[in-house]
Amino acid sequence: MLHKIIVLFLLISMQSFAQESTAITHKDLYSKDGLIYKASNDSIFSGSIENRRWTNNILLSKEDYKDGFIILVTEYYNKSKKGIPYMKTYFHDGLYFKKKKQDRLDFDGTIDSTIYFDENENKILEEFFSKGKLIHSCEYKDGKKNGKQFCISKNGEELNFIYKNGKKVQ
């Protein structure tokens with residue numbers, strides 16, 4: 001019986017070591033013509049890469065790829081062993097590393113703020129939240145406030161403004 005337990009332990013140990021050694025890292029990938037490829041077989045990469053601190057194995061970030069394009073980068077609070085995300089950056093489909101949306105998260109996972117980007121990575125909308133409720137929203141064009149701005153004052157009053165080319169018009 002003891003012999004069977006030892007053999008089972010060795011098989012499980014070998015399997016876990018094999019899984020660790022097959023983890024994909026940036027060293028296993030390369031970029032060509034705006035796509036990410038797996039170097040081992042020159043195939044377009046779909047999957048995830050975790051970036052960990054080498055000294056204590058704390059999860060720092062995770063990158064998700066689909067059909068050779070990055071679709072999401074999740075960054076984690078630096079001292080969290082649980083891997084609590086603090087920033088999620090989403091990318092435009094079919095565009096090489098062009099941000100579409102960026103969410104900043106609180107410790108409980110709720111969204112604190114969101115920034116939206118056009119295909120040239122220019123900020124087009126910025127939103128701030130408190131306890132899941134929108135408290136500020138502002139549209140942008142060419143790096144300047146342009147369009148509607150909404151906010152809630154300290155006394156709870158809803159305020160609306162209109163901006164054109166960075167200047168308040170209403």
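Note that these values count all heavy atoms, side chains included, but never hydrogens, waters or copies made by symmetry. Just so we're clear, the structure is a prediction, and the values are computed from it rather than from any experiment.
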Undergrad: Tell me the ring pair (Phe, Tyr, Trp, His ring centres under 6.0 Å) pairs involving residues 35-72, sequence neighbours left out?
TA: Tyr30-Tyr37, Phe45-Tyr65
Undergrad: If only side-chain N and O atoms count, and only distance matters, is there a donor-acceptor pair under 3.5 Å linking Ser61 with Glu75?
TA: no
Undergrad: Indicate the atoms forming the closest heavy-atom contact of Gly68 with Ser46, along with that distance.
TA: N-OG, 4.5 Å
Undergrad: Is it true that Ile70 and Tyr90 fall in one hydrophobic cluster, defined by side-chain heavy atoms closer than 4.5 Å?
TA: no
Undergrad: Under the ring pair (Phe, Tyr, Trp, His ring centres under 6.0 Å) rule, what pairs show up with a residue in residues 124-160, not counting sequence neighbours?
TA: Phe128-His136
Undergrad: Is there a path from Ile84 to Tyr86 through hydrophobic residues (I, L, V, M, F, W, Y) whose side chains come within less than 4.5 Å of each other?
TA: yes
Undergrad: Enter the distance from Arg53:CZ to Leu60:CG here, rounded to the nearest 0.5 Å.
TA: 5.5 Å
Undergrad: Could you give me the CA-CA distance, side-chain angles and deciding distance for Phe161 and Cys138, then say whether side chain to side chain contact (heavy atoms under 4.5 Å, CB included) is met?
TA: CA-CA 9 Å; Phe161 305 100; Cys138 188; over 6 Å; no
Undergrad: Who passes side-chain contact (heavy atoms from CB on, under 4.5 Å) against Ser43, sequence neighbours left out?
TA: Lys38, Asn41
Undergrad: Mind checking whether Leu105 and Leu59 sit in one hydrophobic cluster, side chains of I, L, V, M, F, W, Y counted as touching below 4.5 Å?
TA: no
Undergrad: Does atom CG of Asp42 have more than 12 heavy-atom neighbours from other groups under 6.0 Å away?
TA: yes
Undergrad: Decide yes or no for Ile124 and Lys141: does some side-chain heavy atom of the first lie under 4.5 Å from some side-chain heavy atom of the second?
TA: no
Undergrad: Could you tell me the separation between the CG atom of Leu72 and the OG1 atom of Thr89, rounded to the nearest 0.5 Å?
TA: 7.5 Å
Undergrad: Among residues two or more places apart or on two chains, list those pairs meeting ring pair (Phe, Tyr, Trp, His ring centres under 6.0 Å) that have a residue in residues 93-116.
TA: Tyr77-Phe107
Undergrad: Just how far is it from atom CG of Leu125 to atom OG of Ser137, taken to the nearest 0.5 Å?
TA: 4.5 Å
Undergrad: Applying salt bridge (Lys or Arg N to Asp or Glu O under 4.0 Å), name anything that partners Glu126, two or more places apart in sequence or on another chain.
TA: Lys123
Undergrad: To the nearest 0.5 Å, what is the distance between CD1 on Ile44 and CG on Asp33?
TA: 10.0 Å
Undergrad: Which residue pairs pass the salt bridge (Lys or Arg N to Asp or Glu O under 4.0 Å) test when at least one of the two sits in residues 84-111, sequence neighbours left out?
TA: Lys101-Asp103, Arg104-Asp112
Undergrad: Taking atom CD of Glu63 and atom CD1 of Ile24, what is their separation to the nearest 0.5 Å?
TA: 12.5 Å
Undergrad: Within a strict 4.5 Å, meaning less than it, do heavy atoms of the Asp64 and Lys62 side chains meet?
TA: yes
Undergrad: Could you tell me which non-hydrogen atom of Phe117 sits nearest to which non-hydrogen atom of Gln102, and how far apart they are?
TA: CE1-CB, 4.0 Å
Undergrad: Judged by modelled atom types alone, do Glu121 and His92 share a side-chain donor-acceptor pair under 3.5 Å?
TA: no
Undergrad: Taking the side chain from Glu139 and the backbone from Lys148, do they hold a donor-acceptor pair closer than 3.5 Å?
TA: yes
Undergrad: Nearest 0.5 Å please: distance from the OG1 atom of Thr114 over to the CG atom of Leu134.
TA: 9.5 Å
